[in-house]
Amino acid sequence: MTENTQQQNPAPTTELPTQYAPAEVEGALYERWVDRGYFTADANSEKEPYTIVIPPPNVTGALHLGHAFQVTLMDALTRRKRMQGYETLWLPGMDHAGIATQNKVEQQLAEEGKSRQDLGREAFTDRVWQWKDEYGGRILGQLRRLGAGLDWSRERFTMDEGLSKAVQTIFKNLYDDGLIYRAERIINWCPRCLTAISDIEVDYQDDDGELVSLKYGEGDETVVVATTRVETMLGDTAVAVHPDDERYAHLIGKRIKLPLTDRTIPVVADTHVDPEFGTGAVKVTPAHDPNDFAIGQRHDLESMTIMDERGVITVHGPFQGLDRFEARSAIVAALREQGRVVAEKRPYVHSVGHCSRCKTTVEPRLSLQWWVKVDTLAQAAGDAVRDGRVALHPKDMEKRYFDWVDNLNDWCISRQLWWGHRIPVWYGPNGEVVCVGPDDPIPGTEAEGWTQDEDVLDTWFSSGLWPFSTLGWPEKTPDLEKFYSTDVLVTGHDIIFFWVVRMMMFGLYAMEDQVPFKTVALTGLVRDEFGKKMSKSNPNAVDPLDWMDAYGSDAVRFTLATGANPGADVPIGEDWVKASRNFANKIWNATRFALMNGATVEGPLPAPEAMTATDRWILSRLNKTVAEVDAFYDDFQFAKLSDALYHFAWDEVFDWYVELSKTTFFEGGEQAKVSGRVLGEVLDVTLRLLHPIVPFVTETLWTTLTGGETLVTAEWPKDSRFRDDAAEREIETLQQVITEVRRFRSDQGLQPGQRVPARLDLDGTTLASHEAAIRQLLRLQPEGDAFSATATLSVGGAQVALDLSGTIDVAAERKRLAKDLAAAEKEKAQATGKLGNEAFLAKAPDAVVDKIRGRLAKADEDIARIQQQLERLPQA
RNA sequence: GGGCGCGUAGCUCAGCGGUAGAGCGCUGCCCUUACAAGGCAGAUGUCGGCGGUUCGAAACCGUCCGCGCCCACCA
C-alpha cells in the first residue's frame, strides 16, 4: 500500500529518493574520507593539536556495543575539534592481550591434539603471530564500518617493533632507578593458565564452601582451628592465637602435633588473629595464603609449598599426586577417621578468587616474580589529579581514583606465558643479573651459561605506555612533540585501576612529569533495554553490526550518544535504534523538501528587516542551539547535546519552521527567496552540528545542499550572536494559537483535512503577518457571506471565530470548556494563595513573585474568556 | 566491614529549591502536494516510605526500605 501511494504521488524534482538508505552511502563515503586523507594528522602543522589515542582493543576481540559506544564518543569529539580547526589526531591500535590471545591459540592447538609445550616457545609464538595475521584485528574493520575517523597511517600494535623498544627502554630505566625488583611473595596463581596474575585480574565471587573444624595437637595441648581449604593443612607451619587470649596462653611458644604428618608446629602469638572469630586459633600456611605469609614473616616461620603449578599435591605421602580439590575431601576423610574433625563440615558462603580470564579458582602461591615498586609513581599519579593537571569526568570518580592510588600495592608484572614482551633480564653462570636496554648487547651466549628470564610482562605493562609509545617514544619524534600530552582519554570506569592508573604512573615517569592526558572521560557500561548488563557471555548480547546493517551506522551512533549521560551506564534496545533511524530519515526528508523549495546557501544572509518573523525566530533559535551544543560538548554531555539537536531539528525546524513557512514558499517571489536562504542556512548549520554524531547522513545531505566537498573538514558553526526575542515571543504566541485551535478541532471530532470557514481577528496581537500561515495550518477558509460564528476561541489576544453550523458538538464543547475553566480556577486559587502569603512576598526573589503575578493575570484572563464562550454556546 | 551511587509516567532516563519533563510505548483522528520510518491531538505520576529544614522540597538534612557498583576482609 505504501508502495502504491508513492507511485501515485511522484516526488517533484529532486535527486534524493523518499527514504534514506544508509547501506548505499556509508561504505563508499568512509573510503573516500580515508583516501582523501581527512583523518591523517600532520605533525608539522601550525594548528593547535587535539589528540586522542584509542583504548586499544584486544587483538582477539570483535566489536561489541561497549566499543561502539566509546568509539562513537571519541569520534564525535575528534570530528568536532577537526571542524573547529584543530590538528586532530585520533590514533588507532590494538593490544596483544597476553593471556587472552595465548589461550585462544592454545585452544586451537588443543583441537589438533597438541600443547604449546609440544611446539616449544619459538614455534608457539610464531603460531600466535600467524593467528594474529589471519584472524586478529577483525575489530579494526568494524570500527571503519562505524565511521570512526581514525588516522590509519599511524596504527600501532603493542608488540610491534617500536612499542617493544619502548617496553624494553622503560623496563631498563625503572630497573636502574630501583623501581623494578625481583622478590618471592605470595601471588595469585591460575593453575589453568599456569601463570601469576595481578590482584586486579582476580574476580571475587561468593562461592559455597564448607568450614571444617580440626583438632590439632595431643592430650592437654590441643587447639581447634577452622578452615575452608583443608588441603593446605599439609603446609601448616604454625598455629596462631591472639597474645591476650587466655584460653591459649598456656600453649604459646609450645609445639604441637600436626595431624597426618610427622611434624610438630609452634603456637605463636599474633595480633592479626581475631579472638572473637571462630575458635580464636588460626592455622598458618605461609606458602599458600597472603595473611599467613605475613604472619610467617613476623615469626620467622618456614614456608612449605605443598602444591605444584597445576594445584597438585607434591608432599610425599598418601595425598601426593591428588588435585587440590580431590585432596580436600581425601584429607577430611582421613582426619575424620582419626577423630580430628570436631565439628562436622558446615556450609559456608565465602568470597573466592577466580581468574578473570578463565574463571579457574585462583590459588595463592609463594613464588619468585618481578615487581614494580609503586610508591613514588603512585604518589605522582595521585598528585597530577590532586593539583588539577588531570581532570576526571565525572568528578566524583576522583575519590575512587584517590582511594586506589593512595593504597596501591606493588605491581606484579611477570607472567609465566610465552606471548608477550619477554623480560629483558639475563642471568649469568656466576649468578650475574643483567638488565638489557634496547641498544645493549646480550651479555653472553647460552653456551657461555647465560640465559634470559623465561617470563613475559603483564599486558598492562605495555598498554600503560600507550599514550606516548604510540607517538614514537623513546625517540623524540615530531609526533611525540606535537601530540603529547593527549587531550582526552575516553574509557570505561571499570578500567580505571587496570589501565588509567598505569598510564598515569608511566606517563609521568617517562615524559618528565607531563601528564598522559588532560581529561579522563569515564563512561558506563552498555546495558540492554531492561538495564541488564550486556556482555559477550550474556545471551542478551547484541552484535552492533546487525543493527548497523538494518538501520545504519548513524542510527546506532545516535542512539548511543543519546544514552550517554556522564559516567552512567547506557541502556540500548532495538526500538531505540529504530527511532534514531527514523530521525535520520526525517532529516533526509526535510532536506529533500528544502531542496525542492529553493533552499540555498548561496549569497549572504538577507538583512533581518527583509525576513519574516518566522525567519528571524528560527535564526535566533539556531544560534542559541549552537551555543548550547558547544557548552554540552565541552562538558561531555552527549545525551544532552543529542537531545537538544533532536528537538531543535525535529520540533522547531521541521515541524514548525517548515510548516509555518510553507505559504511563503508556495507563494514564491522575493519573500520565498529570502526564506529559502534562511532555510538553507538553518539546514547547513544544523547538519554541521549533527555531523560528529551522525556523519554519514549529514555528509550526504550537506554535499547535496551546498555543493561542498565534505563536511568532515567543514567549519564548525559559531554562534553569530543573532538573537530576536520579539520574534521568539511572536512565534510562541503563534504556536499557542495554532495548537489551541487544533485542539478544539480535534475535540470537536473534525477531521484534520476538513475545511472550516473562519474569521480571524488578530488586532491586539503581532500575528497579522501570519494570517496566511494560520489559515493554511488550521485549514480555515475565508468567511463566506453566510458566515455565522458558532465557536470563538481567544488565545494570546487573537480571536478565532469558526463557523461550525451543524457540526459543532455542543455537549462536548461545554465539557471541554468546563474542564478548562476548572483548571484556570485552580491556577488562580494557587496563585492567589501564594500572593496572599506575607512570608512568601517577603522572602521570595522578585522574579519568582513576578512570575506568580503573571500566572494570576493569565488565569483571570482565561476565566473571563472561557465564561464568555460558555455563554455564547447555543443551548443544547 | 569501608566507600560511592541509584529508586521520578508502562519501559529507559533527564530534572536536583519556585506551576512534574523527554524518548519509546499507549489511545483517537488523518496517506493534509518532504517524510505513514510521517502529521495532529490526547491519556498516564501520593517524584520509594516516614520525619525535619524552608514562605515554598522531587530537589536540602535525618532515618528506614529496596537495588546496584567499587574496595577490603572472610582462619
Side-chain angles (χ1 to χ4, degrees), chain A residues 1-2 4-6 8-9 11-12 14 16 18-20 204 211 213 225-229 239-240 272-274 277-285 289 291-292 348-352 396-397 399-400 403-404 407 493-494 496-497 524-525 527 529-531 551 562-563 565 567-573 575-576 578-597 639-640 643 646-647 654-655 658-659 662 666 739 742-747 749-754 776-777 779 827 830-831 834 837-845 847-849 851-852 855:
Chain A
M1 171 152 183
T2 305
N4 290 341
T5 305
Q6 282 168 6
Q8 283 161 16
N9 301 304
T14 169
L16 301 176
T18 61
Q19 283 194 352
Y20 172 52
Y204 287 91
L211 191 64
S213 295
V225 298
T227 181
T228 54
R229 290 162 65 213
V239 167
H272 166 80
V273 179
D274 176 4
F277 190 95
T279 60
V282 186
K283 61 190 275 305
V284 181
T285 323
D289 183 278
N291 287 321
D292 292 4
Y348 187 72
V349 176
H350 62 144
S351 175
V352 177
D396 39 308
M397 286 293 180
K399 188 173 164 31
R400 240 159 89 175
D403 284 349
W404 179 262
N407 298 293
H493 60 64
D494 55 327
I496 296 181
F497 311 134
L525 274 44
R527 296 174 177 273
E529 65 261 63
F530 306 110
Y551 307 111
T562 305
N565 288 117
D569 289 346
V570 186
I572 188 168
D575 284 349
W576 306 346
K578 238 183 251 185
S580 300
R581 182 272 314 264
N582 294 354
F583 179 50
N585 195 52
K586 186 73 184 178
I587 304 169
W588 181 268
N589 275 296
T591 308
R592 279 182 69 228
F593 171 86
L595 290 169
M596 286 185 285
N597 287 280
K640 295 214 169 91
D643 194 58
Y646 180 92
H647 284 109
F654 305 155
D655 282 348
V658 165
E659 294 303 327
K662 271 183 178 171
F666 294 165
T739 304
R742 275 177 178 161
R743 187 181 303 150
F744 174 79
R745 289 184 54 123
S746 178
D747 287 346
L750 293 180
Q751 298 208 332
Q754 186 173 341
Q776 156 81 11
L777 290 183
R779 313 283 139 178
E827 176 75 14
Q830 270 179 5
K834 281 234 154 174
N837 184 332
E838 303 272 335
F840 169 72
L841 291 175
K843 296 196 179 177
V848 174
V849 177
K851 223 165 144 183
I852 305 283
R855 273 161 52 192

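Predicted model only: the values in this text are computed from it and were never measured. A, B, ... follow the sequence lines: proteins, then strands. Residue 1 opens every chain.
In this structure, the side chain to side chain contact (heavy atoms under 4.5 Å, CB included) partners of A:Lys662, at least two apart in sequence or on a different chain, are A:Phe593, A:Val658, A:Glu659, A:Phe666. Shown here are the side chain to side chain contact (heavy atoms under 4.5 Å, CB included) partners of A:Ser351, two or more places apart in sequence or in another chain: A:Tyr204, A:Asp206. Residues passing the ring-ring contact (aromatic ring centres under 6.0 Å, His included) test with A:His272, sequence neighbours excluded: none. Legend: residues meeting side chain to side chain contact (heavy atoms under 4.5 Å, CB included) with A:Arg742, ordered by chain and number and at least two apart, are A:Trp656, A:Ile738, A:Leu777, A:Leu778. With sequence neighbours left out, the side chain to side chain contact (heavy atoms under 4.5 Å, CB included) criterion links A:Phe744 to A:Gln748, A:Ala791, A:Leu793, A:Leu802, A:Leu804, A:Ile808, A:Glu813, A:Arg816. In terms of the salt bridge (Lys or Arg N to Asp or Glu O under 4.0 Å) criterion, A:Asp292 has no residue partners (sequence neighbours excluded). Residues that satisfy the salt bridge (Lys or Arg N to Asp or Glu O under 4.0 Å) test with A:Asp643, not counting sequence neighbours, are absent from this structure.
Residue-to-nucleotide contacts include a donor-acceptor pair under 3.5 Å from the side chain of A:Arg581 to the base of B:A37.
Residues A:His493 and A:Met397 meet the side-chain proximity criterion, which asks for heavy atoms closer than 4.5 Å.
The A:Asn589 side chain lies nearest to B:A34 when the options are B:A34, B:G5, B:G15. Among the nucleotides B:A41, B:A34, B:A14, the one closest to the side chain of A:Ala568 is B:A14. Out of B:C24, B:U19, B:C35, the shortest distance to the side chain of A:Arg592 is found at B:C35. Looking at the side chain of A:Arg855, the nearest of the listed nucleotides B:C70, B:C55, B:U19 is B:U19.
Defined by atom type and a distance below 3.5 Å, a donor-acceptor pair is present between the side-chain atoms of A:Lys283 and A:Thr285.
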Between N or O atoms, less than 3.5 Å apart, protein on one side and nucleotides 21-23 of chain B on the other: list the pairs.
{"from": "B:A22", "atom 1": "O3'", "to": "A:His647", "atom 2": "NE2", "distance (Å)": "3.2"}

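At a threshold of 4.0 angstrom between heavy atoms, the contacts of A:Tyr20 include nucleobase atoms, whether or not backbone atoms are also involved. Backbone-only engagement by A:Lys640 is indicated by non-hydrogen atom pairs under 4.0 Å involving sugar-phosphate atoms exclusively. At the heavy-atom level, A:Thr227 lies under 4.0 Å from the strands shown only through sugar-phosphate atoms.
Considering only side-chain N and O atoms, A:Lys399 lies nowhere under 4.0 angstrom from the phosphate OP1 or OP2 of B:C71. At B:G42, one or more side-chain N or O atoms of A:Arg743 fall inside 4.0 Å of OP1 or OP2 (strictly under the cut-off). For A:Asn597 and B:A34, the shortest distance from a side-chain N or O to OP1 or OP2 is not below 4.0 Å. Contact annotation: A:Gln830 side-chain N/O to B:U19 OP1/OP2 distance is not under 4.0 Å.
Put simply, CZ on A:Arg592 and CG on A:Asn585 are 9.0 Å apart, with the number rounded to the nearest 0.5 Å.
For A:Phe583 and B:A34, the CZ to C1' distance is 15 Å, given to the nearest whole Å. Atom NZ of A:Lys586 and atom C1' of B:C24 are 17 Å apart (whole Å). The distance from atom NE2 of A:His350 to atom P of B:A72 is 17 Å, rounded to the nearest whole Å. The nearest whole Å value for the distance from the CG atom in A:Asp403 to the P atom in B:C71 is 11 Å. In this structure, the CG atom of A:Asn407 is 15 Å from the C1' atom of B:C4, given to the nearest Å. Look at CD on A:Gln19: it is 10 Å from P on B:C35, rounded to the nearest Å. Distance, A:Arg742 CZ to B:G28 C1': 16 Å, rounded to whole Å. The CE-P distance, from A:Met596 to B:C35, rounds to 7 Å in whole Å.
Nearest-nucleotide assignment on RNA chain B puts the 5′-proximal partner with A:Val570, out of A:Val570 and A:Glu659. Nucleotides of RNA chain B nearest to A:Leu750 and A:Asp569 differ in position, and the one nearer the 5' end is that of A:Asp569.
B:A22 and B:A14: their C1' atoms are spaced 7 Å apart (whole Å).
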Completion exercise
Pairing string of RNA chain B (Watson-Crick or G-U wobble, both atom distances under 3.5 Å; | = paired to other strand) is ((((((((.[[[[.)..(..]]]].(((((.......))))).....[[[[[..)....]]]]])))))))....
